[in-house]
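The structure appears right after this line, and notes come after that.
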Amino acid sequence: MSVQSAIKRKTAPDILARKNGEPIVMLTSYHAHTAALVDRYCDVILVGDSLGNVMHGLETTVPVTLEMMILQGRAVMRGSDRALVVVDMPFGSYEASKEQAFHSAVRIVKETECGAVKLEGGARMAETVAFLTERGIPVMGHIGLTPQSINTLGSFRAQGRDEKGWAPIENDARAIAEAGAFSVVIEAVAEPLARKITQEIAIPTIGIGASAACDGQVLVLEDMLGLSPRIPKFVRRYGNLGPSIEAAIEGYAADVRARKFPGPEHVYDMKKS
Ligand code: KIV
């Protein structure tokens with residue numbers, strides 16, 4: 001007997017079909033519990049390699065491994081059942097060759113059951129994007145500021161601020177779209193360029209610090225909740241959870257010190273929050 005969920009999860013083709021349509025809502029999540037919340041409101045959940053910064057306190061995403069991505073990807077899949085889950089391919093797992101990328105992407109989709117992978121890079125990754133999509137793995141591109149290249153970029157600065165620098169970024173967008181990606185993240189790109197790219201290519205653009213000219217937006221959940229220690233300037237905060245969490249922990253510590261904690265009759269009475 002086959003057991004099928006009554007709820008249909010969004011797919012990469014569903015997201016592709018949103019070009020020039022209703023804006024695509026996307027957030028990161030790395031855990032089952034936040035995935036369940038994000039799933040109610042978002043079209044796409046990104047298990048971003050930003051988990052290296054947010055969960056593990058790393059300075060950059062460079063040290064993030066395939067195993068870290070797969071572990072958190074599985075948690076997010078368990079917590080969600082509507083949104084398309086996209087898992088980032090970490091630095092070093094796909095750049096050497098299209099075959100290396102395929103083996104890493106297969107591990108990600110088999111072990112997490114996510115619906116797509118994301119990789120950084122434009123024209124230089126086009127052949128790899130085509131190789132994966134032709135073999136059944138939907139790919140989301142990521143151009144503009146590509147954080148995995150921090151060691152060659154030198155700093156996290158906006159891209160294409162000056163019109164003279166637009167051509168390579170436009171070329172990257174076209175190459176990724178023509179290679180068969182179903183959408184592309186455009187990070188830290190000036191509004192006129194983001195608008196031009198969005199008009200020029202046939203797949204949805206999803207901006208992060210790239211303006212409302214894009215077909216959708218992605219943010220790091222902890223940034224917009226006010227939980228990350230360092231938050232990029234362009235991020236609008238929709239919450240300020242850091243201080244609320246600290247106040248709750250302070251209250252808890254005070255209660256324990258005052259010996260105010262319940263016995264087992266309360267501990268095992270599980271209620272849904
Ligand atoms: O890793 C991540 O969270 C990302 C987004 C910032 C787009 O790639």
Side-chain angles (χ1 to χ4, degrees), residues 15 23-31 34-35 38 42-66 68-73 75-76 80 83-95 104-105 108 112 114 116-122 125 129 138-150 153 155-159 169 172-173 176 181-189 194 197 203-211 214-225 227-237:
I15 301 304
I24 296 160
V25 186
M26 173 163 154
L27 278 172
T28 61
S29 167
Y30 323 118
H31 324 95
T34 55
V38 169
C42 289
D43 302 301
V44 184
I45 304 178
L46 174 65
V47 186
D49 62 353
S50 53
L51 64 79
N53 313 107
V54 177
M55 288 180 67
H56 296 276
L58 294 168
E59 275 299 307
T60 75
T61 53
V62 171
V64 173
T65 64
L66 202 50
M68 288 159 86
M69 298 310 304
I70 289 171
L71 193 63
Q72 300 325 129
V76 168
S80 63
L84 171 67
V85 173
V86 178
V87 176
D88 254 342
M89 299 193 70
F91 179 68
S93 72
Y94 62 96
E95 302 89 334
S104 301
I108 292 175
T112 69
C114 71
V117 298
K118 175 165 84 58
L119 53 80
E120 295 185 8
M125 293 312 303
V129 172
V139 180
M140 177 180 278
H142 184 154
I143 60 164
L145 175 65
T146 47
Q148 291 176 8
S149 304
I150 184 62
L153 291 173
S155 67
F156 296 109
R157 58 178 179 277
Q159 308 288 298
I169 305 172
D172 281 344
I176 289 297
F182 70 94
S183 60
V184 62
V185 167
I186 305 189
E187 181 161 356
V189 163
I197 290 172
I203 61 171
T205 57
I206 302 174
I208 172 160
S211 86
C214 296
D215 294 300
Q217 179 175 243
V218 56
L219 288 180
V220 171
L221 179 68
E222 284 77 357
D223 288 354
M224 69 87 148
L225 292 178
L227 254 181
S228 303
R230 280 174 303 169
I231 300 174
K233 273 200 218 128
F234 65 82
V235 174
R236 178 168 165 201
R237 282 199 212 184

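Keep in mind it's a predicted model, so treat the numbers as computed, not measured. Residue numbers run from 1 in the order of the sequence given. When a ligand or atom number is given, it counts from 1 through the structure's own listing order.
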Is a side-chain donor or acceptor of [X] paired with a backbone partner of [Y] at a separation under 3.5 angstrom?
{"X": "Asp215", "Y": "Pro23", "result": "no"}
{"X": "Thr146", "Y": "Glu120", "result": "no"}
{"X": "Gln148", "Y": "Met89", "result": "yes"}
{"X": "Thr205", "Y": "Val184", "result": "no"}
{"X": "Gln159", "Y": "Arg157", "result": "yes"}

Sort out for me which residue in Ser228, Ser29, Ser50 forms a side-chain contact (heavy atoms from CB on, under 4.5 Å) with Glu222.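 Only one of Ser228, Ser29, Ser50 forms a side-chain contact (heavy atoms from CB on, under 4.5 Å) with Glu222, namely Ser228.
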
So what's ligand 1 close to, N/O to N/O, under 3.5 Å?
{"residue": "ligand 1", "atom": "1 (O)", "partner": "Asp49", "partner atom": "N", "Å": "3.1"}
{"residue": "ligand 1", "atom": "1 (O)", "partner": "Asp49", "partner atom": "OD1", "Å": "3.0"}
{"residue": "ligand 1", "atom": "1 (O)", "partner": "Ser50", "partner atom": "N", "Å": "3.0"}
{"residue": "ligand 1", "atom": "1 (O)", "partner": "Ser50", "partner atom": "OG", "Å": "3.3"}
{"residue": "ligand 1", "atom": "1 (O)", "partner": "Asp88", "partner atom": "OD2", "Å": "3.1"}
{"residue": "ligand 1", "atom": "3 (O)", "partner": "Ser50", "partner atom": "OG", "Å": "2.5"}
{"residue": "ligand 1", "atom": "8 (O)", "partner": "Lys118", "partner atom": "NZ", "Å": "2.8"}

